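What you see is a predicted model; the values in this text were computed from it and never measured. Chain letters run A, B, ... following the sequence lines, proteins first, then strands; residues in each count from 1.
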2 protein chains.
Amino acid sequence: MTKKTISASCLIQNALIASRLARKVENRLSVHGLSFTEYLVMDYLDNAPHKAVPRIALAEHVGMSASGVTRLLAPMEKNHLVDKVANQRDARQSLVKLSETGQRVFNEASVSFENIAKDLLVALSTSQQERLVDVYAKLI
Amino acid sequence: MTKKTISASCLIQNALIASRLARKVENRLSVHGLSFTEYLVMDYLDNAPHKAVPRIALAEHVGMSASGVTRLLAPMEKNHLVDKVANQRDARQSLVKLSETGQRVFNEASVSFENIAKDLLVALSTSQQERLVDVYAKLI
DNA sequence: CATATATACTTGCTTAATCAATTAAATGTG
DNA sequence: CACATTTAATTGATTAAGCAAGTATATATG
């Protein structure tokens, strides 16, 4: 049995915990017809309320490839959760924004998401959660 | 723009950070011909040195489905990284253990992994990393 | 003891995401 | 200004993993 540094343990635990949490979130978000990734995208768009954002910025933010974003957004557009907006300054870009429907669906889903988050992180105090967010900020 | 609780931020950041970290680990482990998931499996097996472990326990540990484990282990068996061992007490189970080759490959890869972990977590002090591991332990 | 239920996998099929290649537009350089 | 390079997005092909269904074995109950 190989000895491990704290960094290695940390990285391993992070991966294991994140995949467990993601699975649980996924299950519980499914009542809104959204995947966790879709929720993350909508959360990002919700935080950029006026500006429609380039797909590439979205990809960067959620840590996906450009093609991943194209494929993720395609059905969301078809279901009118997001709108595609042309960028006047740059014809290569197409911007994305939450549609009115998308905003409504997101608002509903985020009520669930708040409950999910509360449930999954119940073992951590508020200050532990705050410290965790600070720590994550250093890793970006 | 919707207001968010600390729990929700925490859960979102956790997912975003974990996928970034996983991608970087994946890239750098690839020189050993291993995916991050394969590394996680081998790490688990390395920590259960004498006992061969049931596939179901492995699935549980790494947060994968049973079928996921079957499909992950198939090529690893073919490449002789792991051995399949029958359980005398229960013919349904087939146990997995690191082969000699697997152990060697893991030992080599874990040198890289230590460096990867050190690099990726360089922004965190040792004590922050320790606290992070403690926090993760509460979420299991 | 026989039958029902539960458990440990495996297999078929589907899906989400990747990479590599492609297209189209913008920018920079001789 | 023309041509090379870079950037944004999409498409084709592949892959990892999930769920549902199936098989085989083990356990529990009438």
Side-chain angles (χ1 to χ4, degrees), chain A residues 15-16 18-30 33-42 51-79 81-97, chain B residues 15-16 18-20 22-30 33-42 52-79 81-97:
Chain A
L16 294 178
S19 84
R20 279 163 204 267
L21 292 177
R23 173 112 5 99
K24 290 176 187 171
V25 171
E26 195 82 34
N27 288 335
R28 292 183 55 181
L29 271 183
S30 65
L34 296 177
S35 70
F36 193 8
T37 313
E38 285 169 331
Y39 184 82
L40 291 173
V41 163
M42 293 174 93
K51 315 177 283 292
V53 305
R55 292 157 114 79
I56 195 83
L58 195 53
E60 171 77 12
H61 176 80
V62 297
M64 287 176 70
S65 65
S67 65
V69 166
T70 297
R71 296 195 146 99
L72 182 74
L73 291 181
M76 294 178 78
E77 278 162 25
K78 218 172 66 178
N79 298 331
L81 295 173
V82 296
D83 291 327
K84 194 179 231 170
V85 182
N87 181 346
Q88 305 301 347
R89 302 294 186 83
D90 189 338
R92 291 169 307 176
Q93 285 192 345
S94 67
L95 310 174
V96 208
K97 56 179 293 209
Chain B
L16 294 177
S19 84
R20 279 163 205 266
R23 173 118 359 105
K24 291 176 186 169
V25 171
E26 195 82 34
N27 287 337
R28 291 183 56 181
L29 271 183
S30 65
L34 296 177
S35 70
F36 192 9
T37 313
E38 285 170 329
Y39 184 81
L40 291 172
V41 162
M42 293 174 93
V53 305
R55 291 156 115 80
I56 195 80
L58 195 53
E60 171 77 12
H61 177 79
V62 298
M64 288 177 70
S65 66
S67 66
V69 166
T70 297
R71 290 183 212 281
L72 183 73
L73 291 181
M76 294 178 79
E77 277 161 28
K78 217 170 68 178
N79 298 332
L81 294 173
V82 295
D83 291 326
K84 193 179 230 171
V85 183
N87 180 347
Q88 303 302 345
R89 302 294 186 81
D90 188 337
R92 291 168 308 177
Q93 286 193 343
S94 68
L95 309 174
V96 207
K97 56 179 296 206

note = Closest heavy-atom pair, S19(A) versus G63(B), reported as atoms and distance to 0.1 Å, is OG-O, 4.4 Å
inquiry  = Is it the case that the side chain of R20(B) and the backbone of H61(A) share a donor-acceptor pair, with hydrogens and angles ignored and the cut-off at 3.5 Å?
reply    = yes
message = If I take atom CE in residue M76(B) and atom P in nucleotide dA16(D), what distance separates them, rounded to the nearest angstrom?
response = 12 Å
ask   = For E77(B), does the CD atom sit with more than 12 other heavy atoms under 6.0 Å from it, leaving out its own atoms?
value = yes
ask   = Rounded to whole angstroms, how far apart are CG on L73(A) and C1' on dA9(D)?
value = 11 Å
Which residue lies more 5' along DNA chain D, comparing V53(A) with R23(A) via nearest heavy atoms = V53(A)
key: Length of the CG-P vector between N87(A) and dA26(C), whole Å   = 9 Å
query = Would you say L58(A) and L73(A) make side-chain contact, with heavy atoms under 4.5 Å?
reply = yes
ask   = Which value, rounded to the nearest 0.5 Å, describes the distance between T70(B) atom OG1 and M64(B) atom CE?
value = 9.0 Å
inquiry  = Any side-chain N or O of S65(A) below 4.0 angstrom from OP1/OP2 of dT18(C)?
reply    = yes
task = Calculate the interatomic distance between M64(B) atom CE and dC19(D) atom C1'; express it in whole Å.
result = 13 Å
inquiry  = For the backbone of L81(A) and the side chain of N79(A), can you confirm whether one donor and one acceptor N or O come within less than 3.5 Å of each other?
reply    = no
E60(A) CD to dA9(D) C1', straight-line distance once rounded to whole Å = 16 Å
message = P54(A) and side chain to side chain contact (heavy atoms under 4.5 Å, CB included): which single residue from V85(A), L95(A), N87(A), V69(A) fits?
response = L95(A)
task = Report the distance from atom CG of L40(B) to atom C1' of dA16(D), rounded to the nearest whole Å.
result = 14 Å
ask   = So what does T37(A) touch, heavy atoms closer than 4.0 Å: a base, only the sugar-phosphate, or nothing?
value = sugar-phosphate
Spacing of Q88(B) atom CD relative to dA26(D) atom P, expressed in whole Å = 11 Å
key: Whole-Å gap separating P (dA16(C)) and OH (Y39(A))   = 19 Å
note = Going 5' to 3' through nucleotides 3-13 of chain C and flagging B where a protein heavy-atom sits under 4.0 Å of the base, S where only the sugar-phosphate is that close, and - otherwise, we get ----BSSBBBB
